[in-house]
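Read the structure below first, then the notes.
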Amino acid sequence: MKKVIAIFLFLVAELSVFAQSTKIIPYPNNVKELEGVFTINKQTSIQYDLFNDTLKRSVSFFREAIQTQSGFRLPVIANSSKLTNSVIFRIVNVDSLGKEGYILKIQPNQIEVSANTQNGIFYAVQSLVQLLPWESKPQNIISLACKEIADSPRFPWRGMMLDCSRYFFPTGFIKKLLDNLALHKINTFHWHLTDDPGWRIEIKAFPELTNKGAYRKETVVDSRTGSLLKFDGKRYGGFYTQQELKEIVKYAADRFITIVPEIEMPGHAQAAIASYPWLGSTDVPTEVATSWGVKPYLYNPFDTTFYFLEKVLTEVFELFPGEYVHIGGDEAIKDQWIANPKIQEKIRVLGLKNEHELQSWFIRRVQQFAQSRGKKIIGWDEITEGGTPKDAAIMYWRSDHPEPLVEAVKGNHPVVVTPTEFCYFDYYQALPSKEPLAIGGYLTLDKVYSFEPIPSFCSKEQAKQIMGTQANLWTEFISTPEYAEYMLFPRLAALAEVAWTYKERKDYTGFTKRLNSLLNIYKAKGIKYCGELLPCAN
Ligand code: TNX
């Protein structure tokens, strides 16, 4: 009997691997393998309605990929003048495809790409690009196996967060990262731009934020040494000018990625308070933080602070056109609010019970300002403490504190589920002894893959509040682009599949096989991924 079960399980496993022979990550939600191949050669033409400017961008990504693969640039012609040996792009109107879905039909005589929107066309192109023969050198003829894919994502928020405060990452790296997010059909780049060790966004109304706040006098070398901290003695810093930010926002939009900027409050505000001491909650001036961890510096809750934050946010809203702004809200220990008699008086005058309610009042005030400018706020799950501001979205991160997740869902708030246990890519991914120094934790590729973003307590109706998930790359221990890539890839491939592919379609064995092909693209693109200890490395 045992033998029969073993043979059965083997066959099921084989079948599922066979079913996933289409080497696309994240795996499409509908694939039908067809007979035959389509051959791309010098005579293959690209066709689309040349008056439809919106298609031009996505089509050009496809042309560029073919040029890299084959060395030739495919001619573009107007729609329907030639039907064979063509790749035809069309905007259609198919309800089931939604905003980001697409159909990709590879037949022996033509490839048809269709979607309701340019976003969908772009994702079809990403799938097509992954099907190219990256395992071999550029070729004159490219053969693609025929198939029909009808695909659309499980979640609308498929994200990745990068902390650029602890370490600053140059614009060239951010652009490369955006390219690579797009390859994985990630559509949200959450950009952590302010924190204690550095303010990274130019704000014209408050130049000291970057004159002063973007630089620290030195950096802790190994913060695990407890009270015996060692410092490198070197000034460190940098920031993004508004001109650079505008370029990056456009670069992201061209790849259908929305940037969600994060301006931390009321805590993680030491760099801002170092720049403008009147924002602080004590009379003792401070400097930009030189080490990591939770610092006591909080903005004070007086009108001058809101004047400041509203000016800052007005500039932020102009730079970032997306609907959400992230207002942080995490790890705001209340010592300075407790110790300040004027702040205690404010709590009394406002009729609040304690400092948690003051934080909630603070965030609500910012939320109302954002709302008046047509923006929504999202905050880390601590913003549920003392009462969740109405209409705020919650970013759930504390795996060991499930209460805010339950409260957010019950309170009808949209939620992005990004718990430390599955989504913290600053954690080790292999045995710590074999890896560069990291913050701690242990998050392997298969563990990321096993993540289910919809909490088991959710009803079908409540599940709709889960907007999606994201990977978080905090950078206390990640000071270079190379190391950031090592921590991100290929774990991001696993998370992308969690966010895009329906639960029933996921298959880790199939994923690791397909990952072998994706690694060839990583190599071609010069991504310094973590190749060691991968299940597919042998
Ligand atoms: C917690 S996640 C933080 C960050 C740290 C991170 C390190 C969150 C909202 N706050 O400030 O960088 O842990 O893993």
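Keep in mind that this is a model prediction, so the values were computed, not measured. Hydrogens, waters and symmetry mates play no part in the numbers below; they use all other heavy atoms, side chains included. Whatever order the structure lists them in is the order used to number ligands and atoms, beginning at 1.
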Side-chain ion pair, Arg505 and Glu497, N-O less than 4.0 Å:
no
Within the 4.0 Å heavy-atom cut-off around ligand 1, the contacting residues, ordered by chain and number, are Arg166, His268, Asp330, Glu331, Trp380, Trp397, Tyr424, Asp426, Ile439, Trp474, Glu476
I'd like to know if Glu452 pairs up with Lys506 as an ion pair, taking the criterion as any Lys NZ or Arg NE/NH1/NH2 lying under 4.0 Å from an Asp or Glu carboxylate oxygen.
no
CG/Asp283: more than 12 non-hydrogen atoms of other groups inside 6.0 Å:
no
Cationic N near anionic O, under 4.0 Å, Asp254 to Lys250
yes
Do Asp163 and Ser165 meet the criterion of a side-chain donor-acceptor pair at a distance under 3.5 Å?
no
Might you confirm whether atom NZ of Lys346 has over 12 heavy atoms from other residues, nucleotides or ligands at distances under 6.0 Å?
yes
